[in-house]
Novice: 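I have a structure here, written as structure tokens, and I will follow up with some questions on it.
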There are 2 protein chains.
Amino acid sequence: MEVEPSVRVTIDDVARAAGVSRQTVSRAMNGKGEISASTRRRVLATIEELDYRPSVFARGMRTQRAGTLGLILSDIANPFFPAVARGVFDAAAAHGFSVVVHNTDAHAGREAAATREILDGGAEGVIGFFEALGDDELVALHRRLPLVVADRRAPAPDVASVSSDFATGTRLAVEHLLAQGHRHLGMLDGAVGVDHVRRHAFAAAAPGAPIVTGPPTLTGGTAAAVQLLREHPDVTALFAFNDLMAVGAVRALREQGRQVPGDCAVVGYDDLTLAADLDPPLTTVHTDKYELGSTLVEALDGVIRARRAGDGAAAGPEHRLLPATLVVRRSG
Amino acid sequence: MEVEPSVRVTIDDVARAAGVSRQTVSRAMNGKGEISASTRRRVLATIEELDYRPSVFARGMRTQRAGTLGLILSDIANPFFPAVARGVFDAAAAHGFSVVVHNTDAHAGREAAATREILDGGAEGVIGFFEALGDDELVALHRRLPLVVADRRAPAPDVASVSSDFATGTRLAVEHLLAQGHRHLGMLDGAVGVDHVRRHAFAAAAPGAPIVTGPPTLTGGTAAAVQLLREHPDVTALFAFNDLMAVGAVRALREQGRQVPGDCAVVGYDDLTLAADLDPPLTTVHTDKYELGSTLVEALDGVIRARRAGDGAAAGPEHRLLPATLVVRRSG
DNA sequence: ATGAAAGCGCTAACAG
DNA sequence: CTGTTAGCGCTTTCAT
């Protein structure tokens, strides 16, 4: 099988074929500068005909734009992120952006590495679920590239942020458990990182209640639950950092012969797609993950435009808090 | 907040600072050509010191390489894909690639659009879960860019492919259902696209059994199950295209007051992370999704290298079939 | 409204 | 082993 030499059609080819200069072609396709409607139409037709595709490299060299956004998250395999990512992809596509994704496993080193790669890769902006990097690093990144931080408070007032309203969500969960008559709550915290909104909100709503921290995964939830139950056997209700940990907790409880919610209630966070189909159906805090994703892109787009306009001090970046609601099912 | 003019450090700055020519700097960082260890070290130190980052655009202009791969899939929100994607990301990172993801919803138009964007974006290769595009289009794409097709038979012998062994997986599922004494099977098919391995394997293993097709989603599974049960009320076992459809089927069965598996067994495909935690725990066909992802990258890397070497007729591309095993849980 | 000139930052090819 | 010479394909001045 012969591989074509793949001779690239360049802007000059188009210019020649259309009988104009390169700049005219450039103007025709970028809609910039003055150009007569007729020549414009003709050039566009030629482009079509020759199936001309501008080189991102050549264009990027002049414009520093590649039409891509970076999306940094800890683990796409955690079902929370795909739901968000879908929102990001769709909104990005609507704005003409492609998105490159980096998994960090919430390691500071890998968050920094992802950051560097995105910077080097010529992306026009970053959406980051940073769990390990400090505020200073984020501010520094923000100076180099449009940035929106996700599910974390803004590291500085001029850095845009979009986040689930964790404080409210957590409060709703705890209040529900309390209203169910539970007096001994416990929390399975999964925030290995720097931001502890859920933990603080829990501590505020259930003062003195035990908190055990572990990785925000299924097995992390199981391990954390085992430990918490060992140290506090009287606990009758568990609030988990996310649904994955909640499921892990259910596994642990079953293993120990405890009924859910009979012997111990479990409430999660995220409301994953399959939360209602679990055994038992999971009571959890719902946030619109797709909306989170698309809102992140909108916010980032705003930052990008503002910066392009050299508009350093403009309207000020977005700081959105997305509503969180409790979905009561059977686990708690 | 002032935004830095962001003066780029160029290869010339490094060359000047290190007292060498640009070319030497290039050699030092790319490990190409002859260069003395000492100057090399010195240049590298200078690069470090100046925090020099080569421009992907300038480099890409010469090399046509951006260090990115394209990943085309129908919907990242379908839990099957994130598991695969994680394998893709990790392997890609190990090979120094970034990956840009495109969702197509299995629409031919969007598959073509994603393809074009990846092509235009200067990616070095594509991994594609194509469900709508015809073999001809894939072959054409393959001529323009290194390609590996996923979970689909190769459109031509020289196009690499990696796929779950759907034929075996399906056969195992059907045989299991038969062994359980079921005599009236039905299939919920979700392949809206061109490749029908599961469907054919099912038809071969359970001749004459009814098959209903719908979108490979939760609601698609519910709808397909409703229809199938209406037309064939005697069916006592359902084989679903994937776990999502299986869960949708379980919902439908419950809605109709049928017990699972008592009145009707359900077997899925994929073995999603939460399959064991569902109600009832889902019997399903397991494939190592992470391995699928990483294998895809390895295969693609092979194609890329071969093509670079101008090695059109070399060893021939990979055609891998990943093992599929049945995991019996309680749903069937 | 259009064209000509001038690079953007890098590497391949060739000298030395 | 190192330096010089040419562009890669595009957009941005600046003329016209």
Side-chain angles (χ1 to χ4, degrees), chain A residues 5-44 46-47 50-68 119-124 308 310, chain B residues 5-44 46-47 50-68 96 119-124 308-310:
Chain A
S6 195
V7 269
R8 205 175 220 305
V9 177
T10 75
I11 196 173
D12 286 306
D13 298 327
V14 177
R16 205 170 308 123
V20 297
S21 73
R22 310 213 276 264
Q23 305 39 273
T24 304
V25 177
S26 176
R27 283 178 192 120
M29 59 182 180
N30 296 321
K32 295 213 170 194
E34 321 276 272
I35 187 176
S36 79
S38 64
T39 51
R40 182 198 173 103
R41 224 183 354 261
R42 184 158 44 90
V43 171
L44 258 23
T46 312
I47 286 178
L50 267 47
D51 191 34
Y52 162 69
R53 304 272 161 205
S55 150
V56 274
F57 299 124
R59 173 175 283 172
M61 199 140 169
R62 296 298 308 179
T63 62
Q64 299 301 336
R65 295 190 203 147
T68 76
L119 229 26
D120 294 351
E124 295 182 38
R308 264 185 209 157
Chain B
S6 196
V7 269
R8 207 175 217 306
V9 177
T10 77
I11 196 173
D12 285 307
D13 297 327
V14 177
R16 205 169 308 122
V20 296
S21 75
R22 315 211 267 265
Q23 205 34 243
T24 303
V25 177
S26 177
R27 286 197 264 262
M29 59 182 180
N30 295 321
K32 295 213 169 193
E34 320 277 270
I35 187 175
S36 80
S38 63
T39 49
R40 182 198 173 102
R41 225 181 355 260
R42 184 156 46 89
V43 171
L44 258 23
T46 312
I47 287 178
L50 267 49
D51 191 34
Y52 162 70
R53 303 272 160 205
S55 150
V56 273
F57 299 122
R59 174 176 283 172
M61 199 141 172
R62 294 299 306 177
T63 62
Q64 297 303 339
R65 297 193 200 145
T68 76
L119 230 26
D120 294 351
E124 296 182 37
R308 266 185 208 157

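Sequence lines set the chain letters: A, B, ... in the order given, protein chains first and strands last, and positions in each chain run from 1.
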Novice: Tell me: CZ of A:R53 to P of D:dC8, nearest whole Å?
Specialist: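 In whole Å, D:dC8 P lies 22 Å from A:R53 CZ.
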
Novice: Has the side chain of A:R8 got a donor or acceptor atom that lies under 3.5 Å from a matching backbone atom of A:R53?
Specialist: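 Answer holds: yes.
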
Novice: Looking at B:R59, is its backbone amide N or carbonyl O close enough to the side chain of B:T63 to form a donor-acceptor pair, meaning the two atoms are under 3.5 Å apart?
Specialist: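 At least one qualifying donor-acceptor pair exists.
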
Novice: Specify the separation, in whole Å, of atom CZ of B:R40 and atom P of D:dT2.
Specialist: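 Value for this atom pair: 12 Å.
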
Novice: Examine C:dG9: is either OP1 or OP2 under 4.0 Å from a nitrogen or oxygen in the side chain of B:S55? Give yes or no.
Specialist: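 No.
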
Novice: Give me the one residue out of A:V43, A:L50, A:D51 that meets side chain to side chain contact (heavy atoms under 4.5 Å, CB included) with A:I47.
Specialist: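 Single side chain to side chain contact (heavy atoms under 4.5 Å, CB included) partner of A:I47 among A:V43, A:L50, A:D51: A:V43.
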
Novice: Go through it in stages, so that I can follow the logic: the residues are A:D13 and A:R16, the test is side-chain contact (heavy atoms from CB on, under 4.5 Å), and I'd like the CA-CA distance, side-chain angles, deciding distance and then a yes or no.
Specialist: CA-CA 5 Å; A:D13 298 327; A:R16 205 170 308 123; 3.4 Å; yes

Novice: Is the phosphate of D:dC1, meaning OP1 or OP2, less than 4.0 Å from a side-chain N or O of B:T39?
Specialist: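 Checking B:T39 against D:dC1: no side-chain N or O falls below 4.0 Å of OP1 or OP2.
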
Novice: Rounding to an integer number of Å, can you tell me how far A:L50 CG sits from D:dG9 C1'?
Specialist: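 Spelled out: CG on A:L50 to C1' on D:dG9 is 15 Å.
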
Novice: Looking at side-chain heavy atoms only, is the closest gap between A:M29 and A:V14 below 4.5 Å?
Specialist: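 Not in contact.
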
Novice: Is there a residue in residues 56-68 of chain A whose heavy atoms reach under 4.0 Å of DNA chain C, and which residues are they?
Specialist: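 The stretch gives A:M61, A:R62 as the residues lying under 4.0 Å from the strand, ordered by number.
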
Novice: With a 4.0 Å limit, can you tell me whether B:T10 has a side-chain N or O closer than that to the phosphate oxygens OP1/OP2 of C:dG9?
Specialist: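 Answer no for this pair, as no side-chain N or O of B:T10 is under 4.0 Å from OP1 or OP2.
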
Novice: Using whole Å, report how far OH of B:Y52 lies from C1' of C:dG9.
Specialist: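 The answer, rounded to whole Å, is 7 Å.
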
Novice: Heavy-atom nearest nucleotide on DNA chain D for A:S26 versus B:G19: which residue maps closer to 5'?
Specialist: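 The residue mapped nearer the 5' terminus is B:G19.
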
Novice: Stepwise, does the side-chain contact (heavy atoms from CB on, under 4.5 Å) test hold for A:R62 with B:F57?
Specialist: CA-CA 9 Å; A:R62 296 298 308 179; B:F57 299 122; over 6 Å; no

Novice: Can you tell me how far P of C:dG3 sits from CZ of A:R22, to the nearest Å?
Specialist: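 One finds 12 Å between P of C:dG3 and CZ of A:R22, rounded.
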
Novice: Rounded to the nearest angstrom, tell me the gap between atom CD1 in B:I11 and atom P in D:dG3.
Specialist: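 Result: 12 Å.
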
Novice: When you compare the side chain of B:T39 with that of B:R42, does any pair of heavy atoms fall below 4.5 Å?
Specialist: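 A side-chain contact exists here, since the closest heavy-atom pair is under 4.5 Å.
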
Novice: Round to a whole Å and report the spacing from CG of B:N30 to P of C:dG9.
Specialist: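 Rounding to the nearest Å, CG of B:N30 and P of C:dG9 are 17 Å apart.
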
Novice: Measure from CZ on B:R16 to C1' on D:dG3 and round the result to the nearest Å.
Specialist: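 Interatomic distance, CZ of B:R16 to C1' of D:dG3: 15 Å.
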
Novice: Please round to the nearest 0.5 Å and tell me the distance separating atom CD1 of A:I35 and atom CZ of A:R41.
Specialist: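 One gets 11.0 Å once the value is rounded to the nearest 0.5 Å.
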
Novice: Any sub-3.5 Å donor-acceptor pair from A:R27's side-chain atoms to A:R40's backbone N or O?
Specialist: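 No; judged by distance alone, with no hydrogens or angles, the pair does not exist.
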
Novice: Quick test: give all pairs of protein nitrogen or oxygen and nucleotides 13-16 of chain C nitrogen or oxygen below 3.5 Å, distance rounded to 0.1 Å.
Specialist:
none

